[in-house]
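Right, one structure below, let's go through it.
The sequence lines fix the lettering, A, B, ..., with proteins before strands; numbering per chain opens at 1. These numbers were taken from a predicted model, which means no experiment stands behind them.
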Amino acid sequence: MTPIVRRLKTRQQFLKVAGTRQKWVAPGLILQSRRRPAVEPPAPQTPIPIRSPRAEPLDDCIRVGFTVSKKVGNAVARNRARRRLRAAAATLVPQAGRAGHDYVLIGRKETLTRDFSDLMDDLRTALSRVGKKKPAKGQGTPYTKGRGKGIGQA
RNA sequence: CCAGACGGUCGGAUGGCUGCUUCGGGGCCGGUCCGCCGGCACCGGGGAGGAAAGUCCGGGCUCCACGGAAAUCGGGUGCCGGGUAACGCCCGGCGAGGGUGACCUUAGGGAAAGUGCAACAGAAAGCAAACCGCCGGUCCGGCAAGGUGCUUCGGCCCCAUCGCCCGGCCGGUAAGGGUGAAAGGGUGCGGUAAGAGCGCACCGCGCCAAGGGCAACCGCGGCGGCAUUGUAAACCCCACCUGGAGCAAGACCAAGUAGGGACGGCGGGCCUUAGUGCCAGACGGGUUUCCGCGUCGCCGUCCGGGUCGGUCGCGCGAGGCGUUCGGUAACGGGCGUCCCAGAUGAAUGGCCAUCCCCGAGAUUUGGCCUCGGCCUAAUUUCGGGACAGAACCCGGCUUAUAGACCGUCUGGCGUU
RNA sequence: UGGGGCGUAGCCAAGUGGUAAGGCAGCGGUUUUUGAUACCGCCAUUCGCAGGUUCGAUCCCUGCCGCCCCAG
C-alpha cells in the first residue's frame with residue numbers, strides 16, 4: 001500500500017521537523033525527518049466542527065516539505081532547485097518513505113548541477129539512512145566529521 | 001572592405017515519457033433547503049518577461065463619514081510648443097557644449113529683492129579703492145660738480161640755476177605687479193609727463209530694434225565706449241502641481257470571545273419651575289484656519305478577552321494584432337479581428353533525444369609553401385548557450401542581458 | 001507593501017564644501033640584562049560604485065550595489 005503524500009506548509013511544521021535533529025546530508029540535498037506521534041482517534045461524540053489544514057493529520061500519511069534558502073541563488077535558481085527536489089520526491093517518497101513521518105528536503109547549490117540520477121540516488125539513500133543512527137552524542141555522526149571528503153566519495 | 005552613429009525585431013526549435021495548475025465537457029460518488037455544492041478519475045484547451053527585476057515617478061481601484069474653501073507649512077517640478085488619463089515620461093523645436101561627420105550630451109527660470117560663501121596663494125576676492133610701481137610738481141633734508149670763504153693743506157662750512165639719488169608731502173594714473181578657478185573687456189595702431197576706450201579698426205559685451213516665429217528664440221540696422229565676478233544640485237524669490245493610506249486595501253461567510261473591569265483626576269457657562277434648550281469643549285488616519293457635518297462624558301495608568309479558516313476582490317483592459325486616414329513625430333480617429341496566466345510553502349515543470357550557434361582538440365580533402373605552419377571544406381569528441389520568475393492592474397523610468405537579424409546614415413580606403 | 005538609517009585603514013570610528021582627527025591592532029626605533037610598561041615614528045589617494053553641479057566633493061544632486069532596523 002502506498003500511503004497518501006501531503007505537503008508541509010507552515011513555518012511551525014518545518015520547525016517541528018527540524019527540532020528532531022534527525023537529518024542526513026547528501027551531496028545534492030539534505031533530508032530531515034520526524035515521526036509523528038500516534039494520535040488516538042478522537043471520541044466520536046466530540047464534533048470537531050472545522051479543522052484547520054495546519055493541524056496535525058490523524059491518519060498515517062507522509063508529509064513532505066521543501067526549503068531552498070537564499071544561499072542557493074536568486075529566485076530562478078531557487079525555483080529550479082525546488083522543482084528538481086519535488087520531481088525526485090514525487091517518485092521516491094511513496095516507495096521509500098515511511099508512513100506517519102514528515103520529511104523536509106533542503107536544497108543546496110549542488111542540487112542545480114548534479115545529474116538527476118545521482119540526485120535520485122542521494123534521496124534514496126537518505127530516505128533509508130535518516131534516523132537510523134543516533135544523532136550527535138559524543139562520537140561524531142558519519143557526516144559531521146567527514147563532510148569534506150564525503151562529497152567526493154558519495 | 002574597414003571603422004562608426006542611430007532606430008527596430010527576436011531572445012533557442014522540434015519530438016517523446018511523466019507531473020502541476022486553471023477553464024470547458026460529459027461520467028461516477030456524496031450532500032442538499034432541489035437553486036445547487038463538494039470530491040474522484042477521463043477527454044480537450046490555456047499556462048511567465050523584455051525586462052516579470054529595482055520599487056524611482058504617474059494613474060486606475062478600495063477604504064479613511066470626507067462635502068466645500070483658503071492659507072501657506074511641507075514636498076515636488078522648472079527653456080518653449082505639442083502628446084497623454086496623468087507624469088519627473090515621450091515627440092518636435094530653441095539655447096549652450098562636444099565630435100571631421102552621421103550624431104551625441106544637457107536639472108537649461110531668477111544673481112541690478114535680500115542674505116551667505118569664495119580655502120591656499122595673492123597688493124587686492126567683490127566695491128571699488130588702498131599698497132608696490134610709473135609720471136609730474138613741491139621744497140624740507142641729502143649727494144656731487146661749480147663758486148666763495150676758512151684751513152693744522154687731510155679737508156670743512158655756506159649758497160643757488162641745472163644734474164642725480166633717497167626720504168617726505170601734494171597730485172595724476174590703472175598699462176605693469178612671482179598669484180589664482182576667477183583680477184573692472186582682448187589684440188593692434190595712434191596718443192600721453194606717465195597712462196587710460198582717451199581716439200580709431202577688428203573681435204567680444206550690453207541696450208534699443210525693422211522683420212520672422214504660436215512661443216522659447218533668431219535678428220537687418222542703430223546706439224553705448226564697457227557697466228551687473230561666480231555660486232541658487234547654498235538659503236532664497238517667482239511660476240505651476242500636490243489630502244492620506246495601501247489588495248496584508250476592502251467586502252462577505254463560518255466559527256468563536258467580548259460588547260469589558262479596577263484605580264486616580266477633571267466634568268465649564270447661560271436661560272429656566274423643569275431639559276430632550278443654547279453657548280462652549282473633546283475627538284473625527286499624520287500642517288494650519290474657516291464653513292458645514294458626524295460622534296461623544298473626557299484624560300491617564302494597569303488588568304483581561306478575540307484573530308491569522310474559506311470565498312470574493314481577481315482580470316474585457318487608457319487591451320493585443322492587422323489595416324487605413326490625419327499629423328514632421330510622439331500620438332489620435334475609423335474599420336476588421338482575437339480573448340491571451342491567475343498561483344497562495346505559491347502552478348506554469350522534471351528527464352531524454354535530435355537539430356542550430358560558439359570555442360577547443362583529433363583525422364581527412366584541396367591550395368600556398370621559407371617543410372614549419374597558414375587558409376578552406378568535411379567528419380568526430382568534449383565543453384558552453386545570457387539576464388532573469390507574475391503575486392491587484394496599467395503608463396513610464398532605471399538597472400541586468402550570451403547571441404542573432406533587419407533598416408537608414410556618416411567617415412576612410414579600393415575598383416569601375 | 002510602506003518607512004527609516006548606514007557604508008571612511010585589518011577593527012571601532014570623528015569629520016559634512018578647501019590637503020581625512022583619534023583609539024585598538026600591526027611594523028620600525030628608544031628606554032630595559034630580557035620581557036611588560038612608557039615614549040617617538042610609519043600605516044587611507046577608488047572615503048561602497050558610476051555619472052553630474054562646483055575653481056574644488058567624504059560632504060551637494062541623480063542612478064546603482066551591499067547591509068541593518070521598524071510597522072503591518
Legend entry - Shared hydrophobic cluster for A:Val68 and A:Leu29 (ILVMFWY, side-chain gaps under 4.5 Å): no
Inset, instruction - Mind calculating the distance between CZ (A:Arg78) and P (B:rA388) to the nearest angstrom? - result: 12 Å
Legend entry - A:Lys70 NZ - C:rG66 C1' separation (whole Å): 12 Å
Legend entry - Paired nucleotide for C:rC67 [Watson-Crick or G-U wobble; both distances under 3.5 Å]: C:rG5
Inset, instruction - Could you tell me whether B:rG297 is syn or anti, where syn means a glycosidic angle within 90 degrees of zero? - result: anti
Inset, instruction - Assign A:Arg83 to base, sugar-phosphate, or nothing according to its heavy-atom contacts below 4.0 angstrom with the strands shown. - result: base
Inset, instruction - In whole angstrom, give me the gap between the C1' atoms of B:rG243 and B:rG297. - result: 31 Å
Inset, instruction - Compare every heavy atom of A:Ile106 with every heavy atom of A:Leu85, then report the nearest pair and how far apart it is. - result: CD1-C, 4.1 Å
Legend entry - Atom-pair distance (CZ on A:Arg80; P on B:rA347), nearest Å: 15 Å
Legend entry - Pairwise C1' distance, B:rA258 and C:rG66 [rounded to whole Å]: 48 Å
Legend entry - B:rG389 OP1/OP2 closer than 4.0 Å to side-chain N/O of A:Asn79: no
Inset, instruction - Provide the closest heavy-atom pair for A:Gln95 versus A:Thr91 in the form atom of the first, atom of the second, distance. - result: NE2-O, 3.1 Å
Legend entry - Syn or anti conformation of B:rC340, syn meaning chi within 90° of 0: syn
Legend entry - Euclidean distance, atom CZ of residue A:Arg84 to atom C1' of B:rG19 [Å, nearest integer]: 15 Å
Legend entry - N or O in side chain of A:Arg86 less than 4.0 angstrom from B:rU348 OP1/OP2: yes
Legend entry - Length of the line joining A:Arg7:CZ and B:rU21:C1', which is rounded to integer Å: 13 Å
Inset, instruction - Determine the Euclidean distance between corresponding P atoms of B:rC189 and B:rA125; express it in Å to zero decimal places. - result: 34 Å
Inset, instruction - In whole angstrom, give me the gap between the C1' atoms of B:rC57 and B:rA121. - result: 47 Å
Inset, instruction - For nucleotides B:rG59 and B:rG317, find the distance between their C1' atoms and express it as a whole number of Å. - result: 14 Å
Inset, instruction - Taking atom P in both B:rC331 and B:rU22, compute the distance separating them and give it to the nearest angstrom. - result: 39 Å
Inset, instruction - Using the C1' atom on both, measure B:rG334 against B:rA65 and round to a whole Å. - result: 46 Å
Inset, instruction - Name the nucleic acid region contacted by A:Ala75, choosing base, sugar-phosphate or nothing; use a 4.0 angstrom heavy-atom cut-off, strictly under. - result: sugar-phosphate
Inset, instruction - Under a 3.5 Å limit for both distances, which nucleotide forms a Watson-Crick or G-U wobble pair with B:rC371, could you say? - result: none
Inset, instruction - Counting Watson-Crick and G-U wobble pairs only, both distances under 3.5 Å, name the nucleotide matched with B:rG109, or none. - result: B:rC237
Legend entry - A:Gly65 vs A:Ala90, nearer the 5' end of RNA chain B by closest nucleotide: A:Ala90
Legend entry - Base partner of C:rA38, which must satisfy Watson-Crick or wobble distances under 3.5 Å: C:rU30
Inset, instruction - For the pair A:Arg78 (side chain) and A:Ser69 (backbone), establish whether a donor and an acceptor sit closer than 3.5 Å, ignoring hydrogens and angles. - result: no
Inset, instruction - Mark this stacking check for A:Phe14 against B:rG345 as yes or no, applying ring centres under 5.5 Å and ring planes under 30°. - result: yes
Inset, instruction - If B:rC10 has a Watson-Crick or G-U wobble mate with both distances under 3.5 Å, name it; if not, just say none. - result: B:rG403
Legend entry - Syn/anti state of B:rA48 by chi, 90° boundary around 0: syn
Inset, instruction - Rounded to whole angstrom, note down the P distance from B:rG359 over to B:rA400. - result: 27 Å
Legend entry - Nearest heavy atoms of A:Ile30 and A:Lys23, plus distance in Å: CG2-CD, 4.4 Å
Legend entry - Side-chain N,O (A:Arg82) to OP1/OP2 (B:rA347) below 4.0 Å: yes
Inset, instruction - Identify the heavy atoms of A:Ile62 and A:Arg98 that sit nearest to each other, and give their distance. - result: CG1-O, 3.5 Å
Legend entry - B:rG292, syn or anti by chi within 90 degrees of zero: anti
Inset, instruction - Tell which nucleotide pairs with B:rC293, taking only Watson-Crick or G-U wobble pairs whose two distances are both under 3.5 angstrom. - result: B:rG284
Legend entry - Atom-to-atom span, CZ of A:Phe116 to C1' of B:rC17 - whole angstrom: 13 Å
Inset, instruction - Please state how far atom CZ in A:Phe66 lies from atom C1' in B:rG345, giving the value in whole angstrom units. - result: 10 Å
Legend entry - Syn/anti state of B:rG176 by chi, 90° boundary around 0: anti
Legend entry - Spacing of A:Asn74 atom CG relative to B:rA48 atom P, expressed in whole Å: 19 Å
Inset, instruction - With a 3.5 angstrom cut-off on both distances, give the Watson-Crick or G-U wobble partner of B:rC169, or none if there isn't one. - result: B:rG137
Inset, instruction - Could you tell me whether A:Ser117 contacts a base, only the sugar-phosphate backbone, or nothing, with contacts defined as non-hydrogen atoms closer than 4.0 Å? - result: nothing
Legend entry - Expected output: side-chain A:Arg35 to main-chain A:Gly100 donor-acceptor under 3.5 Å: no
Inset, instruction - Could you please name the partner base of B:rC63, counting Watson-Crick and G-U wobble pairs only when both distances are under 3.5 Å? - result: B:rG244
Legend entry - Closest non-hydrogen atom pair between A:Leu127 and A:Ala96, with its separation: CD1-CB, 3.8 Å
